[in-house]
Amino acid sequence: MKFPGVDYMEFDSLLDDEQRMVRDTVRQFVDEMVSPIIEECHEQCRTPLELVPQMGEMGLFGANLTGYGLPGLDNVSYGLIMQELERGDSGLRSFVSVQGALCMYPIWAFGSEDQKQRWLPPMATGEAIGCFGLTEPDFGSNPGGMRTTARREGEEWVLDGSKQWITNGTLADVAIVWAKTDEGVRGFLVEKGTPGYTSSDQHGKFSLRASTTSELGFSNCRIPAENMLPKTVGLKNALMCLNQARYGIAWGGLGAAMDCYHTALEYSKERIQFDGQPIACHQLVQDKLTWMITEITKGQLLAYQMGQLKDSGKLQHFHVSMGKRNNVWVARESAKLAREILGANGIVNDYPVIRHMLNIESVYTYEGTHDIHGLVIGAEVTGVPAFNAPRIPEKKAKSPTPVGSAAE
Amino acid sequence: MRVAVCIKQVPDTEARLRVSKDGRWIEEEDLRYVVNESDGYALEEALQIAEGSGGEVIVVSLGPQRVQEALRKGLALGAARAVHLVDEAFQGGDAAATARALAAVLQNEDVDLVLTGSQSDDAGWGSTASMLAGHLGWPHAWLVMGVEMEDGTAKVTREMESGMNEVFRMSLPAVIEVQAGINHPRYASLKGIMKAKRKPIDTPTPAELGLDPAQLGAAGSRIEIVDVAFPESGEGAEMIEGDASTVAQTLVDKLQNEARVL
């Protein structure tokens, strides 16, 4: 069935023709190609790699980056893509976020010309897949504590350590790995097959099952000196990548919330109980739907304003924290309310609601937990950080460094 | 090869339709519009033919301002140019008046082939393209399943009754109407969408096409829609109660003795 969109407050009037066409094209792709297979992918715990070439052909990887044959879309269009993909599944959106925002972006922003020429075109088509290794088993919200090291030996860097909760880890042709050097944290490109580099999948997941989550190991892993991202100067570069991805997640959360709302709304109009009446006529059901549509609408306006700020270069990390924190929370609450409206049907895979509900549990704490983003906002408005994080020297004094990944 | 594709914008087939106040059409406000399904397949066929021969595709449509969105979609998918018959004089016509206007456009376009869908999903007259071929004096095929270019001709496969196919060769230029399902229409790429806004959409007037407004649109039509209505719900349905064998026996009895169709 075609998804008609969720638009209570004439949100579409804020979009130009091109933005609508981008959204509608990805919407159609999700309806036709993703929705029919995604429950099976979730059940079988597999990434739908068969969709990757088509997504590459459409230009969905690194869509808001410029040059190197990349589309160079505005950030509202990019956000709408993330919204529609996550309406399909958070795992699929995660794949695209990791590929574009966490892997192509650092190569594009901090890479050498050779690195860009080598990796950006095949990553744009999906012929090469990337993963982003920052989080470690013992360091989630506090990535600055990482134990992975890189030491220079002649014309090589030698990496040792491990990374955990890495989306696309075992699928990746190249890993963007963050490691401590004598001069601070740097980003490195580690190619699949490099001796000393191993990866294995995390099993037993109840969430993001249509996505691959892995551990990476580095043991005396030697890579050529030129595989360091030359413009990385510290942890802040890794956090800049996360800000790109979190911006997309703020839109993605809306997509999951919209699918839950739409499913619950349609169900409530068709489900007949008591005297032949649809359950939509009951006050308690209407209250749940009202909460969802109100919060989704507020979330849309928040995401749109973030897009405007990002396009004009004014988007700050504490803006992104509010967008990610709020919109993923809206998705989590909407999944819960939708599941209540669906009754027993809310826990089976005839409907997408329970899958979104399980997925959102990951999204709620990855890319900065809900709570940590709350502390970022708290630090911004009070000027008093509630956590001990290193500061970005060139940022204005009252803003602490954005913290925490807790998986990517 | 220069290939023109005539597309129509129609209400989304999943839209809930209401009869308009004057009772002669549907309420168009708030409706979601899409490219007519079989026209989408015609466009994909045209793009493949043009790509295979190094040519270009022109999309043509007649309709109000909203139709520009359908044309932009055609441009995003790969068409080079669009022609939009948006002038008020073109609107509200029957198939003959619409075909007259389209023919005037295509006569000036120097195209080798015109492709379109076999039928629109709204009015569904299925006659515009055959009249168009008549105006142009070009050969015409309907319900086409496949088109191949061969030595300056079009080799066309048509579906016939009884599951048989008919294959024939047509001289060019020609007008070919395809069925939905003959290929896999592509998704627009993001780059295609961005390029589309810089591609031209011409909006010729009747005068520029050398047409008399009295021959176009509602004024030039010989068919007039006088009433649009939902069919009335039937009466006399009878539910047969009982287990499967009782129901089957009763049904056979009624078909033999009441309906007398067995």
Side-chain angles (χ1 to χ4, degrees), chain A residues 1-5 7 10 12 15-34 51 53-82 84-85 96 100 121 124-126 262 266 269, chain B residues 7 9-17 29-37 39-41 43-44 47-48 51 59 61 64-79 82 84 86 121 180-181 183-201:
Chain A
M1 198 176 81
K2 284 185 202 163
F3 176 67
D7 188 0
E10 297 199 20
D12 275 15
L15 306 177
D16 63 28
D17 292 346
E18 201 176 305
Q19 290 166 335
R20 274 197 297 275
M21 200 189 292
V22 168
R23 189 223 18 222
D24 292 348
T25 300
V26 180
R27 178 170 288 173
Q28 186 191 350
F29 165 73
V30 169
D31 286 342
E32 293 174 354
M33 306 295 287
V34 179
L51 300 178
Q54 176 71 63
M55 291 195 289
E57 215 166 279
M58 291 167 76
L60 303 188
F61 303 129
N64 57 347
L65 303 178
T66 51
Y68 306 93
L70 298 165
L73 276 194
D74 68 272
N75 283 291
V76 169
S77 295
Y78 170 78
L80 291 164
I81 294 171
M82 297 298 128
E84 290 304 317
L85 290 174
V96 177
T125 59
H262 174 67
E266 293 305 309
K269 291 193 286 193
Chain B
I7 63 174
Q9 196 188 39
V10 297
D12 191 336
T13 47
E14 290 186 14
R16 285 175 197 163
L17 302 179
E29 213 167 299
D30 298 337
L31 268 189
R32 223 181 93 94
Y33 282 87
V34 295
V35 175
N36 183 55
E37 189 185 12
D39 295 346
Y41 287 89
L43 177 56
E44 176 62 37
L47 291 168
Q48 288 181 18
E51 283 160 3
V59 277
S61 191
Q65 193 58 37
R66 61 172 159 75
V67 168
Q68 210 190 86
E69 189 186 329
L71 292 169
R72 286 268 174 234
K73 187 170 179 193
L75 295 172
L77 287 165
H84 185 187
V86 67
D121 295 332
N183 50 39
H184 296 284
R186 66 196 66 188
Y187 294 100
S189 71
L190 301 181
K191 278 192 261 186
I193 292 172
M194 294 177 74
K195 273 188 207 152
K197 73 175 168 188
R198 294 191 296 275
K199 293 179 178 174
I201 299 182

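Note that this is a predicted model, so its numbers are computed, not measured. Residue numbering restarts at 1 for every chain, and letters A, B, ... go by the order of the sequence lines.
Of the residues considered (G72(A), P4(A), P71(A), A63(A)), P71(A) shows the highest number of contacts with chain B, using heavy-atom pairs under 4.5 Å.
Between L60(A) and L190(B) the shortest heavy-atom distance is CD2-CD1, 4.1 Å.
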Using distance alone, with no hydrogens and no angle check, list the donor-acceptor pairs under 3.5 Å between chain B and chain A.
residue	atom	partner	partner atom	Å
D12(B)	OD1	K2(A)	NZ	2.7
Y187(B)	OH	E32(A)	OE1	2.6
L190(B)	N	M58(A)	O	2.8
K191(B)	NZ	G69(A)	O	2.5
K197(B)	NZ	E18(A)	OE1	3.0

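A82(B) meets the side chain to side chain contact (heavy atoms under 4.5 Å, CB included) test with V59(B), L71(B), L75(B), I201(B); sequence neighbours excluded.
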